[in-house]
There are 2 protein chains.
Amino acid sequence: MSEVYAARRALLRERFATAGAEAAVVSRPANVRYLCGAAPTAGALLLFGAAAGAQDALVCPGDPAGEQHRERADDALRRVLLPATEDGTDPVLAAARLAASAGAGVLAVEEHHLSVARHRTLAAVPGLRLADLGCAVEQQRLVKDEEELSCLRIAAEIADQALGELLESILVGRTERHLALELERRLIDHGADGPAFPTVVGTGVNAGRPGHTPTDRRVEEGDFLSICLGAGYRGYRCEVGRTFVIGTTPADWQIELYDLVFEAQRAGREALAPGAAYRDVDAAARHVLDSAGYGEGVGARTGHGVGLEIDEDPRLSPSAMGKLDACVPVTVEPGVHLPGRGGVRIDDTLVVRPEADGGPELLTITTKELLAL
Amino acid sequence: MSEVYAARRALLRERFATAGAEAAVVSRPANVRYLCGAAPTAGALLLFGAAAGAQDALVCPGDPAGEQHRERADDALRRVLLPATEDGTDPVLAAARLAASAGAGVLAVEEHHLSVARHRTLAAVPGLRLADLGCAVEQQRLVKDEEELSCLRIAAEIADQALGELLESILVGRTERHLALELERRLIDHGADGPAFPTVVGTGVNAGRPGHTPTDRRVEEGDFLSICLGAGYRGYRCEVGRTFVIGTTPADWQIELYDLVFEAQRAGREALAPGAAYRDVDAAARHVLDSAGYGEGVGARTGHGVGLEIDEDPRLSPSAMGKLDACVPVTVEPGVHLPGRGGVRIDDTLVVRPEADGGPELLTITTKELLAL
């Protein structure tokens, strides 16, 4: 993997050098991890332009907690552990001082991540002028390589397994919180680093609420039960969401609502293609729900990118700008929630692929039939 | 509770008014929660000075996910849900625009929380001048009221219970990851919102590493086993850490190391008093380990504040400035880790109380005898 990280850093180096910076400090944790394989809490990655001839460094806070992570980081990096006596020193500030002492005059920083207060202390380092690195690393992260996609595939497999096992157990009478916990335990059992995000379990009136925090409500006969979970595997996070009916026969309104959301989700999936505008994918799914009169409750987005973060670029929303590329993994997750009644949400993680390669690759393969459990 | 939040907001209103601001936007999630009882993801709380005569507002992103949280927020607030069409609009920016449209000329913001990029978009709002709110809310949060302390007491009781139950089960042969998961499940069983932080379980060579991420290493006879966990209860987070020996008879080096860390932790606890300097509490614990030649591995801090965040002010470290007050809850958690051998960590949450009230109140009451399990 070491060469992969080195290649990513080389690409970034070109970018900030072109923009006139002699060095850059990366501070956003997922970006640090992308560039060196480790993300120590509050750590900062210092990269020098080719001209500087100085060694890149990973600067960590002065606490033994940094150790475990430091061990995993790329060997090509110098490791700087701040001494305990410098407790409270921002590793980004320490990195900036290192840059200045190595003669770098212009330092690019992540202005979308650094707070105004931290930025101000950096600006006071003598001999240093600050520039904006912008979202250069986030842009690099958009299109995934095969290594990344295979981590996402495994993460999706784990989530599918955990969900599949839960469905074989008795659900009536159990609380949303306990079901969520059991799912998270099963994720770990199957080899996940952990849940990719807090597991969502909503039953009855809570079903279909996006981001619902599980409560003590128990699953009852006749309920809609919606579940959204994800696994993290080697840092990569996927997402799968399904809605079920509890009992033998779904009510008519449940079948109708389910079919509608299924239709919307299929339209979204089918719109995924290299070159498709983000907003057109959103529109494909949204239009189905809009036409049926459920436009209000759809939410701001019908999908988003996944990777080292569970919610990263692109956004699939009416106001999003940009077009999909091949090898970009995204979720497609329209839903409808009827206040006081419940709702439906169907969520898959897919990788954008050209038609010639068979179209979008579905990572989360749990059935989307309406199961009565 | 509504009056409590109103009183907290009134106090903050005085502070920013004194500093010349006509309104303030609070964006740090724990601060938003402290002031209104809810912390919607990426939500922003807009407060007007008394002179402005406009109603305070909680601004949430345009996604139904905000709903659940909005419902829990204080009734005295106006709720502003950004429409789905404004996906991507920063709620802080929306709050700033509201402030400007209500005629507030000077708006205080949390410069230690807002990124440079977000701050820049705010600065471009016509008619608005930005000021720094600084850590005004964090300072208010330092000393806890009885309601807050009782939440912490319950959180501590839950963590003690979860830990106590685990110790009654068979540990040999189980992995760090599974023990951590079981503890987290037990926390929920006993009524926690969830774990206060990722549970730390370290066995053998991993024992005593602060912030250790549980691995697949299995517990073996003769191991040190160190566990650090915490419960969240109504948002308040506590911490308890203990180290055990697996098998019937601890080795001499294990007894010696344990006694030493116990001594250090006791010295730290006994140094807690209103008026005691943060650094003196740290020094009391650190000195014991230093004198025995273990100074290097102690880490930057021997304790820290807890509350709505698991790691908040004050820091108990050699370079910390300030003095303890009554009703400030802190951890005391010195430890020693010997690379390749393992180590010991003992961690309690206590509330600072004057001598006349019986001295520091111990919230985490699990025994600190060296148990052989």
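Chain letters run A, B, ... following the sequence lines, proteins first and then strands; every chain starts at 1.
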Worksheet item: Are more than 12 heavy atoms from other residues, nucleotides or ligands located less than 6.0 Å from atom CZ of B:R174?
Response: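 Buried by this count: over 12 neighbours within 6.0 Å.
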Practice prompt. Give a yes or no on whether A:R185 atom CZ has more than 12 heavy-atom contacts from other residues, nucleotides or ligands under 6.0 Å away.
Written response: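 Atom CZ in A:R185 is crowded, with more than 12 foreign heavy atoms closer than 6.0 Å.
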Fill in: Side chains of A:E110 and B:V116 in contact at under 4.5 Å (non-hydrogen atoms)
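Answer no - side chains too far apart.
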Worksheet item: Side chain, backbone, both or neither: which part of B:H113 has an atom under 4.5 Å from a heavy atom of chain A?
Response: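 B:H113 touches chain A through backbone heavy atoms alone.
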Discussion item. At a 4.5 Å cut-off on heavy atoms, which part of B:I188 comes close to chain A: side chain, backbone, both, or neither?
Written reply: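 Contact with chain A involves both backbone and side-chain atoms of B:I188.
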Practice prompt. Tell me, out of A:R120, A:E184, A:H178, A:R118, who's got the most heavy-atom pairs with chain B below 4.5 Å.
Written response: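 That would be A:R120.
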Discussion item. Checking B:D280 now: which residues fulfil salt bridge (Lys or Arg N to Asp or Glu O under 4.0 Å) with it, not counting sequence neighbours?
Written reply: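 Salt bridge (Lys or Arg N to Asp or Glu O under 4.0 Å) check on B:D280 returns nothing, list empty.
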Worksheet item: Rounded to the nearest 0.5 Å, what separation is found between the CG atom of B:L114 and the CG atom of A:L114?
Response: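 It comes to 13.0 Å.
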Discussion item. Suppose a student defines contact as a heavy atom less than 4.5 Å from any heavy atom of chain A. Which residues in residues 190-208 of chain B would they list?
Written reply: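 B:G191, B:A192, B:D193, listed by number.
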